[in-house]
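Accompanying notes for the structure given below.
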Amino acid sequence: MPRSHLSTADVVDAAAALADDAGFDAVSFSAVARSLGVRAPSLYSHVRDLAALRDALAESALRDLSERISLAIAGRSGASALRGLADAHRALATESPGRWQALQRRVGASVVGSGAARAVVELTSAVLRGYALPEREHVHAIRLIGSAINGFITLESSGGFDHSDPAPDASWERALDALDSLLCAWPAGADDDTGNKGEHQ
């Protein structure tokens, strides 16, 4: 039966369900419309085009991720908070693979500047405040953490660890321990904001 009183949230939720079930690349106007029992042109009153729909899906994923991180790091600091942060990313990738895939692409400016994106950055910075890193080094540390987490999850989700022992969980634990050690021993002679090497003996 056709849907009446369709909302933008309904459209984004349908896109998320489709992405989780069939993969992010399966998200199209026609596929989302079919899942909602409406004609594809009716979606244009809620989202501008496919790029906007996919960006809305990415923003939805960021909101989900920020909520997961907030719960995972509450009352924690240092290695425990880092683990909560990383586990929140991995849980999203496992439980909602389509939304995770929506974040593994170049997104539009509206997503980059969204409150959800800022929340994820701020929560990651909160974790870093549990380490003795100068504020100016946070952007480098955030990039490192993101690279480590995303790289591991990408390999795991693509089956890269399926044919060797031990199980990925063991390597995940080792990776987080190593990342914690690195953050604890962040180079004291790190570059300053101008890109010049600090004067440190």
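The basis for the numbers below is simple: all heavy atoms, side chains too, and nothing from hydrogens, waters or symmetry mates. The residues of the chain are indexed from 1 along the displayed sequence. Treat the numbers as computed from the prediction; the structure is a model and nothing was measured.
Every residue two or more places apart in sequence or in another chain was checked for a ring-ring contact (aromatic ring centres under 6.0 Å, His included) with Y131, and none qualifies. Under the side-chain contact (heavy atoms from CB on, under 4.5 Å) criterion, A148 pairs with L179, not counting sequence neighbours. With sequence neighbours excluded, the residues satisfying salt bridge (Lys or Arg N to Asp or Glu O under 4.0 Å) with E95 are R68. For the side chain to side chain donor-acceptor pair (under 3.5 Å) test, residues two or more places apart in sequence or in another chain that qualify with D169 are R90. Listed by chain and residue number, nothing satisfies the side-chain contact (heavy atoms from CB on, under 4.5 Å) test with S45 (two or more places apart in sequence, or in another chain). Partners of S28 under the side chain to side chain donor-acceptor pair (under 3.5 Å) rule, at least two apart in sequence or in another chain, are S30.
A116 approaches L62 most closely through the heavy-atom pair CB-CB, 3.7 Å. Shortest non-hydrogen contact noted between P168 and F152 is O-CZ, 3.5 Å. The minimum heavy-atom distance linking A81 with I73 is given by the pair O-CG2, 3.5 Å.
The side-chain hydrogen bond (donor to acceptor under 3.5 Å, both in side chains) contacts involving residues 109-126 comprise nothing, where partners must be two or more places apart or lie in separate chains. Within the structure, every pair that satisfies the salt bridge (Lys or Arg N to Asp or Glu O under 4.0 Å) test and touches residues 47-61, not counting sequence neighbours, is listed here: D55-R105, E59-R63. Listed by first then second residue, pairs satisfying side-chain hydrogen bond (donor to acceptor under 3.5 Å, both in side chains) with a partner in residues 141-155 read Q104-N150, not counting sequence neighbours. Sequence neighbours left out, the pairs with a member in residues 31-66 that pass ring-ring contact (aromatic ring centres under 6.0 Å, His included) are F29-Y44. Listed by first and then second residue, the salt bridge (Lys or Arg N to Asp or Glu O under 4.0 Å) pairs that reach into residues 17-41 come to none, sequence neighbours excluded.
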Per-pair distances, 0.1 Å, donor-acceptor, side chain in residues 82-89, under 3.5 Å, sequence neighbours excluded:
{"from": "R83", "atom 1": "NH1", "to": "E173", "atom 2": "OE1", "distance (Å)": "2.5"}
{"from": "R83", "atom 1": "NH1", "to": "E173", "atom 2": "OE2", "distance (Å)": "3.4"}
{"from": "R83", "atom 1": "NH2", "to": "D177", "atom 2": "OD1", "distance (Å)": "3.2"}
{"from": "D87", "atom 1": "OD1", "to": "W172", "atom 2": "NE1", "distance (Å)": "2.8"}
{"from": "H89", "atom 1": "ND1", "to": "L85", "atom 2": "O", "distance (Å)": "2.9"}

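A donor-acceptor pair is defined here as one N or O able to donate and one able to accept, closer than 3.5 Å; such a pair exists between the side chain of S157 and the backbone of I153.
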